[in-house]
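Everything quoted here is computed from the prediction, not taken from an experiment.
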Amino acid sequence: MANSQDLAQLIAAHAGKEGALLPILHDVQHAFGCVDGEAEAAIAKALNLSRAEVHGVVSFYHDFTPAADLRPHIELCRAEACKARGVEALVDAAQVAAGERVKLKTVYCLGLCSVGPAARMGDALYARLDQAALVALVEQA
Amino acid sequence: MKRVARISDDALSIACGAEAVAQAFEAAGCTVERVSSWGMHWLEPLVEIDGIGYGPAMPADVPAMLDGTSAKCIGKISDHPFIAGQQRLTFARAGKTRPLSLEDYATTGGWAGLNRARSLEPAQVVAEVLQSGLRGRGGAGFPAGVKWKTVAKAAGARKYIVCNADEGDSGTFADRMLMEGDPFQLIEGMAIAAYAVGAQRGYIYVRSEYPHAIAKLNAAIELAAGIIAPLRLEVRMGAGAYVCGEETSLLNSIEGKRGEVRAKPPLPALQGLFGCPTVVNNVLTLAAVPHILTEGGASLYDSLGVDRSKGTMPIQLAGNIKHGGLYEIAFGITLNELIYEIGGGTASGRPVKAVQVGGPLGAYIPPDQFDLRFAYEDYAQADALIGHAGIVVFDESADMGHMARFAMEFCAAESCGKCTPCRIGSTRGVELIDRIRAGGRGVDAVEVLPQMHNARKTRRSTEDDIALLEDLCETMKFGSLCALGGFTPYPVLSALKHWPEDFRP
Ligand SMILES: Cc1cc2nc3c(=O)[nH]c(=O)nc-3n(C[C@H](O)[C@H](O)[C@H](O)COP(=O)(O)O)c2cc1C
Ligand code: SF4
Ligand code: FES
């Protein structure tokens with residue numbers, strides 16, 4: 001995975017920042033699709049932390065993953081307001097459409113609670129999803 | 001001259017298809033101005049041409065909108081009852097200005113509060129915030145002026161202003177709308193707070209689910225850097241943890257640690273970010289400040305609302321509601337007015353079964369209590385929560401047993417893990433609710449072993465299981481360090497109390 005030179009560059013870009021760990025982890029996750037053991041070790045060294053400390057942080061937050069998953073990701077909101085607007089009835093069909101090819105991930109709230117069911121793919125947002133629209137979104141992902 | 005079509009560039013409008021509509025107007029030879037959202041979400045994408053609104057617009061509607069024959073015409077937007085009935089102070093610019101235009105901001109009263117604050121002594125600024133009666137809009141409702149006073153008086157050369165923009169509650173989006181639609185107002189509020197308490201640096205902690213808000217804030221901070229100097233602001237992105245909305249967990253997260261909740265004391269006001277005195281306020285709290293600091297602003301704020309709930313609240317109407325969106329109004333309004341008169345009832349047209357106010361930790365309220373006044377004390381008395389003022393409406397198809405289970409499931413997924421009642425209790429709660437809904441279970445082979453002295457030897461009845469669930473909720477309420485574990489029992493117990501039939505097999 002992580003090309004160690006790229007990794008060093010990502011870390012160096014945050015040198016001198018207060019509380020640099022989260023910004024670094026975000027950049028690493030974004031660039032490599034994960035924060036693996038190798039990256040944890042390099043970050044720990046650069047920030048003068050123990051690897052356990054870095055691993056503790058990585059494993060705490062939902063946004064950081066230990067291994068890359070190269071499939072397209074669709075994040076479907078299943079929090080209260082989207083439940084009230086019927087998201088639960090769409091889940092099975094979406095799951096079938098996703099199969100093993102697309103990663104269908106549950107998230108809690110995208111701030112589109114008045115126009116749900118809502119989903120996100122990368123930075124693109126989708127609202128007012130019905131079964132046909134969600135299945136189409138998954139199939140085209 | 002080219003016709004001008006005004007369309008919001010808010011994330012919600014974009015999710016509803018605003019980009020395609022904007023492109024269609026450009027293709028038709030119009031000038032498109034991207035403005036903030038009016039907050040009438042059922043009409044998004046909403047198009048404004050010469051003050052007249054059309055929505056929800058689609059690219060195919062463009063010709064009819066341009067010649068004024070579109071059936072989607074809603075008349076003059078500012079006269080629409082949903083807008084005309086509001087008292088917009090924090091959202092005064094919504095729908096009217098271009099979010100990143102310093103010119104629009106300045107010509108609509110921007111920086112007046114900061115300029116006036118700078119002409120006063122810092123202690124006077126704190127006194128005006130105190131006088132306004134402004135309370136924290138993030139959930140706990142703590143008086144903002146009291147917090148600022150503590151930080152101002154605290155000893156320390158380094159102090160911080162932290163804006164809590166983690167907005168994790170389902171049914172809330174006012175922080176997001178404000179950051180995307182009027183970012184300079186938040187920045188101005190932070191600059192006033194920094195002047196009042198003597199802080200040099202500020203952070204805005206935004207959840208990672210809000211990439212549009214983050215981009216807008218970064219651009220706005222760059223544009224306003226000269227105006228707010230010597231204060232330096234930076235945006236920090238969360239990483240998908242709900243509990244990081246809790247202020248001490250949030251501070252740990254900015255410091256680069258696990259988002260575990262800290263015990264209080266010490267108060268963040270005295271030992272907050274990196275151990276320094278820190279103001280932590282919600283987006284809406286800070287964004288209310290510029291208006292309060294204008295001439296006469298504090299007394300106006302204090303004159304609105306009821307009892308100790310002063311000023312206006314940007315209420316968010318969400319879930320199964322016909323007219324969902326942002327409704328800013330003075331405290332004191334009832335749920336009946338909000339849901340039926342303003343919201344038009346459910347989107348599905350079926351009767352309302354329940355509403356949840358205040359996010360995942362708020363109680364479910366049945367329709368016979370909809371005369372409850374929107375005010376901190378009234379809600380507290382009813383075992384309910386105003387929180388961040390999100391209102392989620394459910395119609396009769398909702399399964400409240402499922403919602404109670406979800407409350408426990410959410411707590412289990414988002415617990416920071418520091419205390420046992422929350423970390424383990426939430427998982428046991430999910431199991432218990434499953435068991436109650438499945439009609440109970442018999443004793444298992446291990447339980448009947450003679451060495452299991454404390455285990456029960458007979459089958460538990462549903463009544464026993466419900467008593468156990470209530471007992472678990474009591475333990476979570478009183479044995480949890482923060483409101484995640486401490487308030488999860490409210491949606492659970494309220495669902496159990498008002499809709500016991502939804503817990504039967
Ligand atoms: C689990 C939990 C989540 C919270 N989430 C938020 C949040 O997303 N945004 C927020 O402003 N406050 C949130 N709070 C409240 C904060 O701890 C804190 O009271 C608030 O940021 C103080 O600002 P205020 O006085 O302006 O409301 C949360 C509290 C808890 C216990
Ligand atoms: S109640 Fe839950 S989230 Fe809050 S401190 Fe305890 S374990 Fe953490
Ligand atoms: S609850 Fe789904 S977007 Fe808020």
Side-chain angles (χ1 to χ4, degrees), chain A residues 14 17-27 29-30 35 43 47 49 53-65 75 77-89 105-129, chain B residues 11-12 14-16 41-42 44 167-173 175-177 201 208-213 236-242 244 253-260 273-274 316-321 324-325 347-348 356 359-360 390 392-395 397-398 402-403 406 410 413-414 416:
Chain A
H14 296 282
K17 208 173 240 180
E18 293 180 325
L21 184 52
L22 250 69
I24 291 175
L25 293 177
H26 271 302
D27 283 358
Q29 175 78 31
H30 185 75
V35 184
I43 295 166
L47 296 186
L49 297 168
E53 280 172 297
V54 176
H55 183 69
V57 174
V58 170
S59 58
F60 183 88
Y61 294 97
H62 300 299
D63 282 4
F64 308 131
T65 52
E75 297 175 332
C77 173
R78 290 175 73 183
E80 288 89 344
C82 284
K83 282 192 199 292
R85 295 181 68 91
V87 70
E88 292 304 309
K105 198 176 147 202
T106 295
V107 291
Y108 299 124
C109 198
L110 297 166
L112 306 172
C113 325
S114 47
V115 291
R120 175 179 173 192
M121 187 162 64
D123 283 351
L125 296 169
Y126 303 88
R128 295 182 187 136
L129 291 167
Chain B
L12 182 138
I14 293 172
C16 292
H41 290 163
W42 75 99
E44 290 290 356
E167 195 166 65
D169 291 358
S170 165
T172 64
F173 41 75
D175 292 352
R176 181 185 62 67
M177 282 183 66
R201 295 199 68 154
S208 59
E209 289 84 349
Y210 285 177
H212 296 77
R236 282 294 166 92
M237 179 156 84
Y242 174 77
C244 285
S253 188
I254 298 180
E255 290 180 12
K257 300 180 182 143
R258 291 163 67 87
E260 264 172 21
L273 192 60
F274 302 107
Q316 298 127 82
L317 301 175
N320 197 333
I321 190 162
S348 61
Q356 186 178 34
V392 178
V393 180
F394 292 81
D395 75 6
S397 67
H402 172 83
M403 297 314 297
F406 176 70
F410 183 77
E414 300 297 334
C416 85

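When all heavy atoms of Gly256(B) and Leu22(A) are compared, the pair lying nearest together is CA-CD1, 4.3 Å. The heavy-atom pair separating Phe60(A) from Ala241(B) by the smallest distance is CE2-CB, 4.1 Å. Scanning both residues, Gly319(B) and Ala84(A), for their nearest heavy atoms gives CA-CB, 4.2 Å. The minimum heavy-atom distance between Cys109(A) and Gly171(B), with the atom names listed, is SG-N, 4.3 Å. A pairwise comparison of heavy atoms in Ala81(A) and Ala318(B) identifies CB-CB, 4.4 Å as the closest pair.
Both the backbone and the side chain of Ser253(B) come within contact range of chain A, with heavy atoms under 4.5 Å apart. Only the backbone of Thr172(B) comes within contact range of chain A, with heavy atoms under 4.5 Å apart. Cys416(B) touches chain A through backbone and side chain together, each having a heavy atom under 4.5 Å away. No part of Glu53(A) comes within reach of chain B, as not one of its non-hydrogen atoms sits under 4.5 angstrom from that chain. Contact of Met237(B) with chain A is made through backbone and side chain together, with heavy-atom distances under 4.5 Å. Heavy atoms of Leu12(B) lying under 4.5 Å from chain A belong to its backbone as well as its side chain. Contact of Tyr108(A) with chain B is made through backbone and side chain together, with heavy-atom distances under 4.5 Å. For Ala398(B), no part lies near chain A; criterion is any non-hydrogen pair under 4.5 Å.
Interatomic distance, His41(B) NE2 to Leu112(A) CG, rounded to the nearest 0.5 Å: 9.0 Å. Atom NE2 of His62(A) sits about 9.0 Å away from atom SG of Cys244(B), to the nearest 0.5 Å.
Between His26(A) and Arg236(B), the closest side-chain pair of non-hydrogen atoms is not below 4.5 Å. In this structure, Phe394(B) and Glu80(A) have side chains that are in contact, with non-hydrogen atoms separated by less than 4.5 Å.
Although no hydrogens or angles enter the test, the distance criterion places no donor-acceptor pair under 3.5 Å between the side chain of Arg85(A) and the main chain of Asn320(B).
Most heavy-atom pairs under 4.5 Å with chain A: of the set Pro360(B), Ala213(B), Gly168(B), this distinction falls to Pro360(B). When Phe64(A), Tyr126(A), Tyr61(A) are compared by the number of non-hydrogen pairs under 4.5 Å with chain B, Tyr61(A) comes out ahead. Between chain A and the options Ser208(B), Gly259(B), Ser397(B), Gly359(B), the largest number of non-hydrogen pairs under 4.5 Å is found for Gly259(B). Taking chain B as the reference chain and counting heavy-atom pairs below 4.5 Å, the highest number among Arg120(A), Glu75(A), Arg78(A), Gln29(A) is found for Arg120(A). Residue with the most contacts toward chain A among Gly390(B), Ser348(B), Gly238(B), Gly325(B): Gly238(B) (heavy-atom pairs, distance under 4.5 Å). Contact count versus chain A (heavy atoms, under 4.5 Å) is highest, among Tyr210(B), Trp42(B), Phe406(B), Phe410(B), for Phe406(B). The most heavy-atom pairs under 4.5 Å with chain A, out of Arg201(B), Glu167(B), Gln316(B), come from Arg201(B).
Residues that satisfy the side chain to side chain donor-acceptor pair (under 3.5 Å) test with Tyr242(B), not counting sequence neighbours, are Asp169(B). Among residues two or more places apart in sequence or in another chain, the salt bridge (charged side-chain N to carboxylate O under 4.0 Å, His left out) test is passed with Arg258(B) by Glu260(B).
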